[in-house]
Amino acid sequence: MPKHPAVFLDRDGTIIEDNEYISNTSDVTFFPYTFKVLKLLQKHFLLFVITNQSGISKGLTTESDVQKVNKYITEILKAKGITIFDTFYCPHKNEDNCICKKPKPHFINKAAQLYNVDLTKSFIIGDHPSDVECGINAGVTPIYILSGHGNKHKDELGFNSKICNNLSDASKFIMSTI
Ligand SMILES: [Mg+2]
Ligand SMILES: [Zn+2]
């Protein structure tokens, strides 16, 4: 069975505005280009969301609120004809030393196993250096974007990465490679 290329999407600052620790669906704001971009990408790639939600471990939000928000995002996208194959969230903070917080490649590897993903033909898009590092750790091509917190953390990017303004520009880069 042939393996599928995938795009692993960060959530906050990448497909929706980074409104800090989101507990309510009313705080979810999609970027204006998100729907169009994901519709295009899903013609060629399986789409996944991988998100660090340390607000759970810090007591700033709850696991059920994060699940509710994630479900809402998936349902809005579904209504627009976009399929997110799976959403993975890490509820931990750094001090928890978990196995799943980006930059650890745990969730990418899990998706690869569950959905037969070809990592060598896959990408990760995110607005934090840990997204880039996660991609490198997993063997997928990282794209750092300047939306969300991207501009703020740009100088901390200690890895070679393609840099794009936002998800829209990142998708143009991806499409130019296939
Ligand atoms: Mg982010
Ligand atoms: Zn974790």
Side-chain angles (χ1 to χ4, degrees), residues 6-25 27-35 37-38 41 47-67 69-70 72-74 76-77 84 86-114 122-138 140-159 161-171 173-174:
V7 175
F8 298 97
L9 302 154
D10 172 51
R11 196 190 83 177
D12 304 334
T14 299
I15 61 170
I16 62 171
E17 302 263 12
D18 193 319
N19 289 331
E20 296 302 323
Y21 302 104
I22 298 176
S23 296
N24 296 302
T25 56
D27 292 326
V28 172
T29 310
F30 286 93
F31 288 113
Y33 42 75
T34 296
F35 303 130
V37 165
L38 297 187
L41 285 177
L47 302 180
F48 298 95
V49 172
I50 300 180
T51 177
N52 285 350
Q53 293 295 328
S54 63
I56 297 169
S57 176
K58 293 171 183 166
L60 300 170
T61 183
T62 65
E63 190 141 19
S64 68
D65 278 346
V66 167
Q67 288 170 347
V69 168
N70 286 344
Y72 172 79
I73 289 169
T74 306
I76 295 282
L77 292 174
I84 300 295
D86 217 333
T87 297
F88 303 96
Y89 66 91
C90 163
H92 308 107
K93 55 184 184 301
N94 287 339
E95 303 80 71
D96 297 333
N97 283 319
C98 69
I99 60 159
C100 52
K101 190 172 195 280
K102 293 179 288 186
K104 293 196 174 142
H106 176 75
F107 286 134
I108 290 184
N109 290 333
K110 189 169 174 183
Q113 282 179 359
L114 289 173
S122 297
F123 296 83
I124 184 170
I125 305 172
D127 68 324
H128 196 276
S130 64
D131 293 308
V132 167
E133 194 179 352
C134 178
I136 290 168
N137 288 339
V140 311
T141 303
I143 304 174
Y144 186 75
I145 54 173
L146 301 175
S147 56
H149 288 185
N151 217 17
K152 189 170 69 181
H153 292 294
K154 196 180 168 203
D155 294 340
E156 300 160 33
L157 190 59
F159 303 90
S161 178
K162 175 73 182 169
I163 300 176
C164 293
N165 280 324
N166 55 36
L167 178 67
S168 180
D169 282 358
S171 75
F173 169 71
I174 289 174

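Just so you know, ligand 1 is whichever comes first in the structure, and atom 1 is the first atom listed for that ligand.
- When all heavy atoms of Thr14 and Gly126 are compared, the pair lying nearest together is OG1-CA, 3.5 Å.
- Ring-plane geometry between Phe30 and Phe35 is classed as tilted, the angle between the planes lying from 30 to 60 degrees on a 0 to 90 degree scale.
- Shown here is Lys93, whose NZ atom has more than 12 heavy atoms of other residues, nucleotides or ligands within 6.0 Å.
- The number of protein N, O or S atoms lying under 2.8 Å from the Zn ion (ligand 2) is 4.
- Ordered by chain and number, Asp10 OD2, Asp12 O, Asp127 OD1 make up the set of protein N, O or S atoms under 2.8 Å of the Mg ion (ligand 1).
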Worksheet item: Can you list the steps and then say if Thr87 with Arg11 is a side-chain contact (heavy atoms from CB on, under 4.5 Å)?
Response: CA-CA 9 Å; Thr87 297; Arg11 196 190 83 177; over 6 Å; no

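- In this structure, the side chains of Thr74 and Val49 stay at 4.5 Å or more apart for every pair of heavy atoms.
- Taking the six-membered ring for Trp and the full ring otherwise, the centers of His128 and His153 sit less than 6.0 Å from each other.
- The pair Asp10-Lys102 meets the salt-bridge criterion, with a side-chain N (NZ, NE, NH1 or NH2) lying under 4.0 Å from an Asp/Glu carboxylate O.
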Item to complete: Run the numbers on Lys104 and Asn137 for side-chain hydrogen bond (donor to acceptor under 3.5 Å, both in side chains), then give the verdict.
Response: CA-CA 7 Å; Lys104 293 196 174 142; Asn137 288 339; over 6 Å; no

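- Under the 4.5 Å side-chain criterion, counting only non-hydrogen atoms from C-beta, Thr61 is in contact with Ile56.
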